[in-house]
Each structure stands twice: as C-alpha cells, then as structure tokens.
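The structure appears right after this line, and notes come after that.
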Amino acid sequence: MTDTVSEIRDAKAAALEMAALDTGVKNSALNAMAEALEANRSVILEANAEDVRDSEGKVPAEILSRLRLSDSKISDMVFSLKDVAALPDPVGETMSATELDENLVLYQVRCPIGMIGVIFESRPDVVPQIMSLCLKSGNSIAFKGGSEARRSNRVLFDILRDAAVSAGVPGKAFVLMETREDIAEILKLDSYIDLLIPRGSYSFVRYIQENTRIPVLGHSAGICHIYVDADADMDTAFKVSLDSKIQYPAACNAAEKLLVNSKVARYFLPRMADLFAANGVEMRVDGRCKPHMLGFDVKDASDDDWYAEYDSRIIAIKVVDSADEAIDFINSHGSHHTDCIISENEERQRDFVRRVDSADVFINASTRFADGYRFGKGAEVGISTGKVHARGPMGMDGLMIYKYVLVGKGQTVKEYSGPDAKKYTHRHIDAEYRL
C-alpha cells in the first residue's frame, strides 16, 4: 500500500471521529485557524511569492492571477474562517419527522458525507475555504493541488491543520497530496473517497469526471450570459454588464456572452462598447452588432465563440429579437452555470427564471454574485451545474447527506400486514431527534 493510500485510509477512519465532534470543538478549531493565518501572513506571502516567480511565463495569465495571494486575500480567508465558525452546525439537524403510527416516528437527520477528495488548480485559497467547511460539517478531506501552488498549499495546509489539532480535531482527517502521481492514485480510491470535487479548467474537470468511479460533483465550464431586454434600465445594464465581465475575468462566474435585444441595440451597444474598450475588453460580435459599434476595434465572432469560456477580458456579443430567442440561445449554448436578465418587466423576469435551465438565474445583478461566500454559505466548496445532490454554489450543504432514524417501541412489520393490518398514519409532525 502506498503512503497516499495509507493516509487516505486513515482519513476515512478519522471521518467517524469528525462526524462526532462537538460543535464547540469545531468552532474553537476554526477560530484558532483564523488566528494562525493572521499570525503567519508573512510566511504565507513569502511562500506564495516563490510559487508566482517560478510560474511567471510558464502558465497562462488567468492561472497566474488565481495563484497570486495578497494581504487582502489572506484577510478574506481569515474572515471566511470566522464566518464558518458562526454558522449553525448542520450535523444532526432534523430535516423532517413523520409519524408512521403512534410511538413509531421516522426522522430524517443531516449527517456528513464522510471522506471528501478535492483536486484543484492554481488557487491556494481553496485550502482554507474547503478545510473550514469540511471541518464544520464533520467530514475528512484529501487535497491535491496544482504543482504551481506547491509551496503555498503546503504552508497553508500545515498552518491550518496544526491549529485545528491544537483545538482537539484529529489531524489524520486532513491529507495533502503533492505529486503528479497522486492524481492517478486518488481517482482509483472509490472504496475510501465518498465524493470528489474538482476545481479548475473545463478540460481538467472533464478529465476527472471521465477517469474515476468516485461520484464527482462540479461544473465543467462557466459560460455565463447576460441578456439585455427591451425593457432594461440602461444604467443598470451598463453597470451590471461591466462588473460581470471585468470584476474578476478569470472566475467561472464572469460573463462570457452578452445578448442584446434589437430594440435597444442602437442605444446600448455604442456606450457599452466604449466602457468595454476603456477597460481593455476584447469584443467579438455578430453582424447585427457592427452597425452600432462603428469606430470600435471589434472582431467577428466565430461559431466557436458562442460556446467558448474565455477566463479573460474577452466577451462575445450578439443581437437577438426577443427574450424567447435569448432564452433558447442560453439553454443551447450555455453551461447551465449562471445567467442574468436585465429588465424592468416583471413578467419577462419571471419567464426568464422559469425557463432558463441554469443553477443560478439572476435579475438585474452581476453574475459575479454566484459564489458560496456571497450567498451566505460562509465559504465555497465548489459550484455544481448538475441536478443531483447539490446545485449552484455549494457551502456545507454540498458536503452533507442524511440518514433516516426510526424510533419505535417494539413494533413489527407483521402488525401492519395481512387482512387485519394496522393502518399507518403517515403524518408529518413537528418533532426533532437530538443526537
């Protein structure tokens, strides 16, 4: 057995201890982790600076952007850890209670999934985000980060694990894998790992999904749209469209496509083009856009552009004749991640929400709000565009499952069978099962 398999086996066993941790222990650990990051800012930034120096000129700009840490990013990590500590403990929460008969009650109770595997690229801030959520939700975790962030990941992992252990959390519940061979190893461990969460590029996530028997929860692309409706408020449309594209272009929730109703195109497109140009955004446009964008440096959009995720300051723009056309285009060309309508027409807003088949559907708000922290989940373990178990930005809810607890007084199925069978009441009741 390799060292990697041995560590993950031990972490799987430690998951039983994690599930039974007292809320006070978990919160003390999270606050200790926050304090440890504060105390080690210079150590973290020094390690990250070495990673950045080694990666410059060797990785794409968007990866370098995700890799780079700063004082403000560390502050965000600290705040996120404290935010998770302040969240209610989900372990043991009663989701529902059903009386099957007198003195025979079925409870649906939240519990941890168990052993989580996370494979990610570039972003060392994934380590505190996911470690905090796994700790609070009672899960063990194995990380495999990209080699470009090796020093950053290691220093963050060691600081956070040591702080958690000092508060009474089992250290074996946390594993950091660092070699390229570990990726192939972790994909084989379906007997130990209960859920795998990949975070990275489209090709990276797709590779993980296609090469393991472990359940995979994630999204393979972030092709997000904004539709500017005929009844859009123009100031809102300019502001939201710009923020959705430039606030952080490398994020999976940044807007990649802009659909503009033909009734407002001649008013909207010249001013929007001016804003994009002033912020260094390359515009790839269809033929109907060009008459409204004379004098601007635009490129002809290819068929591939409507399916592309750029992760940079590039946007594809298309004129459409109706909300129906926009909705059909989004559903057929998007990745079901995050899509937004800019409109003051409430019926059209509701129709957009009903018919757009995406994890996040926004009205008059930046697509960049699609984030676990911004959704009030404390931090984010990932984003799912699937429809099983969890969808959209996932906090602790994505790391929880449930079990059924039946409490009776000696009842047997025989009593409820045959011609003289007792009848089930199947009555939903307001009751709680306390672990």
Side-chain angles (χ1 to χ4, degrees), residues 6-38 77-95 107-118 126-143 156-177 189 192-197 217 372-373 376-382 389-390 394-405 407 432-435:
S6 179
E7 285 187 85
I8 290 178
R9 181 198 60 189
D10 291 345
K12 174 74 169 180
L16 299 175
E17 296 178 62
M18 293 291 287
L21 282 178
D22 179 77
T23 302
V25 171
K26 291 190 279 191
N27 290 344
S28 294
L30 289 163
N31 285 315
M33 291 158 71
E35 292 169 7
L37 289 186
E38 280 282 16
M77 295 179 198
V78 171
F79 187 84
S80 177
L81 286 163
K82 292 179 177 178
D83 205 29
V84 173
L87 291 173
D89 190 338
V91 180
E93 176 191 348
T94 299
M95 300 170 66
Y107 299 92
Q108 186 182 22
V109 180
R110 289 195 194 279
C111 62
I113 288 175
M115 179 73 212
I116 309 296
V118 176
V126 165
V127 176
Q129 284 178 6
I130 298 183
M131 189 182 284
S132 64
L133 291 172
C134 282
L135 195 161
K136 188 66 178 270
S137 60
N139 290 283
S140 289
I141 183 166
F143 290 103
L156 284 166
F157 179 85
D158 287 345
I159 289 168
L160 294 168
R161 181 193 56 192
D162 291 349
V165 169
S166 72
V169 175
K172 288 185 177 180
F174 308 112
V175 177
L176 178 65
M177 297 170 290
L189 300 180
Y192 296 117
I193 297 174
D194 298 299
L195 181 68
L196 200 55
I197 302 173
L217 199 149
Y373 168 68
K377 296 176 180 291
E380 182 177 284
V381 67
H389 171 59
M394 299 177 301
M396 282 189 292
D397 51 341
L399 298 172
M400 304 300 295
I401 193 63
Y402 53 82
K403 62 178 67 172
Y404 287 104
V405 179
V407 180
E432 184 177 353
Y433 180 80
R434 294 191 176 275
L435 294 175

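Because only heavy atoms are used, hydrogens play no part in the values below, and waters and symmetry mates are left out as well, while side chains stay in.
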Between atom NZ of K26 and atom SG of C134, what is the distance when rounded to the nearest 0.5 Å?
-> 11.5 Å
Tightest non-hydrogen contact, residues L135 and A164, listed as CD1-CB, 4.1 Å
Hey, could you give me the OG/CD1 distance between S132 and I141, rounded to the nearest 0.5 Å?
-> 9.0 Å
Taking every heavy atom of A163 against every heavy atom of S166, the minimum-distance pair comes out as O-OG, 2.5 Å
Would a 4.5 Å heavy-atom cut-off, applied to side chains only, mark Y373 and Q129 as touching?
-> no
Counterpart residues, salt bridge (Lys or Arg N to Asp or Glu O under 4.0 Å), relative to K82 (two or more places apart) = none
Mind listing the closest non-hydrogen atom pair of S137 and P90 along with its distance?
-> CA-CG, 4.4 Å
dist Y107:OH -> E432:CD (nearest 0.5 Å) comes out at 9.0 Å
Student check: side-chain heavy atoms of I401 and C111 closer than 4.5 Å | yes
For side-chain contact (heavy atoms from CB on, under 4.5 Å), just list the numbers for V175 and D10, CA-CA rounded to whole Å, side-chain angles, deciding distance to a tenth of an Å, and then say yes or no.
-> CA-CA 9 Å; V175 177; D10 291 345; over 6 Å; no
Close side-chain approach of L21 to V91, heavy-atom, < 4.5 Å | no
Return the minimal non-hydrogen interatomic distance between V118 and L196, and the atom names on each side.
-> N-CD1, 4.5 Å
How long is the gap from CE on M95 to OH on Y402, to the nearest 0.5 Å?
-> 6.5 Å
Would you give me the side-chain donor-acceptor pairs under 3.5 Å for residues 27-38, sequence neighbours excluded?
from : atom 1 : to   : atom 2 : distance (Å)
N27  : OD1    : K136 : NZ     : 3.0
S28  : OG     : G24  : O      : 2.9
N31  : ND2    : N27  : O      : 3.1
E38  : OE1    : R41  : NE     : 2.9
E38  : OE1    : R41  : NH2    : 3.3

Just jot down the side-chain hydrogen bond (donor to acceptor under 3.5 Å, both in side chains) partners of T23, sequence neighbours excluded, or say none.
-> D89
Report, as yes or no, whether the 6.0 Å neighbourhood of atom NZ on K172 holds more than 12 heavy atoms from other residues, nucleotides or ligands.
-> no
For L160 and L81, what are the C-alpha separation, side-chain angles and deciding distance, and is it a side-chain contact (heavy atoms from CB on, under 4.5 Å)?
-> CA-CA 10 Å; L160 294 168; L81 286 163; 4.1 Å; yes
How far does CD1 of I130 sit from CZ of F174, to the nearest 0.5 angstrom?
-> 12.5 Å
Closest non-hydrogen contact found for T94 with Y433 is OG1-N, 2.9 Å
May I ask you to decide if A11's main-chain N or O and S140's side chain share a donor-acceptor pair within less than 3.5 Å?
-> yes
Do L156 and M77 pass the side-chain contact (heavy atoms from CB on, under 4.5 Å) test, and can you show the C-alpha distance, the side-chain angles, and the key distance before you say yes or no?
-> CA-CA 11 Å; L156 284 166; M77 295 179 198; 4.1 Å; yes
Considering non-hydrogen atoms only, spot the tightest contact between R161 and G171 and give its length.
-> CD-O, 4.0 Å
When you look at V169 and M18, which way does the side-chain contact (heavy atoms from CB on, under 4.5 Å) test go after all the steps?
-> CA-CA 7 Å; V169 175; M18 293 291 287; 3.8 Å; yes
Side-chain (N139) to main-chain (M115) donor-acceptor, under 3.5 angstrom = no
So CD1 of I193 and CZ of R9: to nearest 0.5 Å the spacing works out to 14.0 Å
